[in-house]
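Quick note: numbers below take in every heavy atom, side chains included, and nothing from hydrogens, waters or symmetry partners. In this chain, numbering begins with 1 at the start of the sequence shown.
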Amino acid sequence: MVQQQRRSPRPFLIAIVLAVALVVGLRFLFTRDGSAGGGAAGSGGNGGKPAACGADAVTLTLAASSEKAELVKQLAADYAAKGEKVDGRCVQVKVTSKASGAAMAALARGWNESVDGPRPDVWSPASSGWVTLLQQRTTSADRPRLVPPEVPKVAASPLVIAMPRPMAEALGWPKQKIGWKRLLDLARDRQGWGRFGHPEWGPFRLGKTNPNFSTSGLNATIGAYFAATNLANDLSEKDLARPAARDFVRGVEQSVVHYGDTTLTFLSNLQRADDEGAGLTYISAVTVEEKSVWDYNQGNPTGNPATLGKHAKPKIPLAAIYPAEGTLLSDHPYVVLSGPWVDEPKRKAAAGFLAYLQSGGAQARFQQFAFRDYKNSPGQLVTEANGLLRSQPATLLSPPAPAVLDKLLQSWAALRKRANVLLVIDTSGSMAEEVPGAGTSKLELAKRAAVNALAEFADDDRVGLWMFSRELDGIRDYRELVPIGRMDEQVDGAKRRAVLAERIKGLPPEGGTGLYDTSLAAFQYVREHQSPGNINAVVLLTDGRNEDSGLDLPGLLERLRTERGDRSVRLFTIAYGADADVGILKQIAETSGGAGYDSSDPTSIDQVFTAVVSNF
């Protein structure tokens, strides 16, 4: 037998060393470009674990706007891993997500933790406009001044009008200047996109959030007023009152498909339409931050770093239009609140975390997700290939003075698109269940929230009411209590607004849940009674799952797809209580082009109902 020659172990050792070096090198590369590794998920770039903190830790609570909250959480974990201390005490930064408008309103009225969540020590909305509004609404002598004289920034992203790229190119993007005036002309043109050789795209449809809740909605409204008045600064209350300016802004609002509390509703629905090969039929444009265009074009409309790469990129990407008349900057202020609960150790911790957020490494992380840095310098992702333009915006607008901004929001309420809405409330037997700690039933909480929400509708909005359970009217699972009509009209001897409140308060709990048949019937009813020029919608609240033997879920979804036509009627669902199926209700809403809302915790129903009504 020939003895086998023993091989030297050196080649294997060299191979192992090279393999390890390759893995480390790839991880470093991916971390730098944001496609994988520490920048996309986990605790952050250094991969460290937060240092263990004792009971005497300084805990800083930071309320961040939703589009950056997850990234700031990662940066907070990185900061904790560094083991920074204040007066010898460990520092923990607890980041919560709170819509900018909702946080401003909560601070202005006096933060209620049972309703609003953990009270922040630091507030970072998306725009200084919200800080201006908070100052305006807390200037009375009996209110503490919450905002310090100096407010630093941590990131930036200009407002843009995001448009499916073929539509933007039809308007001349990226070479030609496109602004609010040109889009208003298109919105008012009866030919719609036929004017540009694409009648199949239908009329111009704008997605715009409610300026009382959302930064993009607030900045878009301000931008439209600037465009209407041909001004670049110093917008006054007299300018807001000009008939020509009001007519201009009203015209922009008439092109809106519906409003909302967040741009994610529009971007998520657009992604689903794109998945179905209908990316050019859902919406023509939506006002968002520049970084949201990059998020959508990566297949990640939520902007959450942890979900980057989990969905394919869209077939039809978005292009960012920077309004020719100028646009506003979401400058992401960092407000260390002046409330008595923010003690000196917290102030020191806040200063330390700010210094970290403004450091080169953290600023590179913001740019890694298409934010600009806090000095408004674009990073490597702001390119035409990504639908963004480095040389834009050419003109930055400044928010108006506090009193003018407050007046602007009031004027928007008079100019916004009106609603034609059917409220559909589940009155099945399970709604009689007591809510732990609330001292009342689910139905009573829901009725209270629905009555409160009536105040959000104007006199010329149109609203109706149904109740549903199972076999309420023969074999029908629903019963009409108030027909759809103007809120200021007489019905049964009184104003519709008062009758709606009275009949909501009198809703009785009984029976099962005929969810699917009722959903379709309500959708068809509003479609048959839709009001041209209004937002036509159904708001459906239920605490259960379908218990009727009629229509099944696949049948309901198919009927909604085939009968939705030009998506002129949308369902907005509220999954109420622990037994409601959030996923199914969201699926029903999104199939119609609406949105699903989660109120699994019944005590949150007031906030959720307000968010739903913000769509109108």
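- In this structure, the separation between CG on Leu107 and CG on Leu134 is 5.5 Å, given to the nearest 0.5 Å.
- Between Asp459 and Arg496, no side-chain nitrogen of the basic residue sits less than 4.0 Å from a carboxylate oxygen of the acidic one, so the salt-bridge criterion is not met.
- Sorted by first and then second residue, the salt bridge (Lys or Arg N to Asp or Glu O under 4.0 Å) pairs with a member in residues 594-612 form an empty list; sequence neighbours excluded.
- Between Asp295 and Thr302 the shortest side-chain heavy-atom distance does not fall below 4.5 Å.
- Counting heavy atoms from C-beta on, the side chains of Phe572 and Phe616 come closer than 4.5 Å.
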Exercise. Do Ser97 and Lys73 pass the side-chain hydrogen bond (donor to acceptor under 3.5 Å, both in side chains) test, and can you show the C-alpha distance, the side-chain angles, and the key distance before you say yes or no?
Worked result: CA-CA 9 Å; Ser97 178; Lys73 285 179 185 178; over 6 Å; no

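- Within a 6.0 Å sphere centred on CD of Glu434, heavy atoms belonging to other residues, nucleotides or ligands number more than 12.
- Using a 30° and 60° split on the angle between ring planes, His258 and Phe266 fall in the parallel class, below 30°.
- Using a 4.5 Å heavy-atom cutoff, the side chains of Val424 and Val538 are in contact.
- Remark: Arg479 fails to qualify as a cation-pi partner of Trp466 under the 6.0 Å distance and 45° angle criteria applied to the six-membered ring.
- Side-chain contact between Phe213 and Leu218 is absent, with no heavy-atom pair separated by less than 4.5 Å.
- Among residues two or more places apart in sequence or in another chain, the ring-ring contact (aromatic ring centres under 6.0 Å, His included) test is passed with Phe609 by none.
- Side-chain contact between Val582 and Tyr597 is absent, with no heavy-atom pair separated by less than 4.5 Å.
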Exercise. Passes ring pair (Phe, Tyr, Trp, His ring centres under 6.0 Å), Tyr478 versus Tyr525? Steps please.
Worked result: CA-CA 12 Å; Tyr478 52 90; Tyr525 175 87; 8.9 Å; no

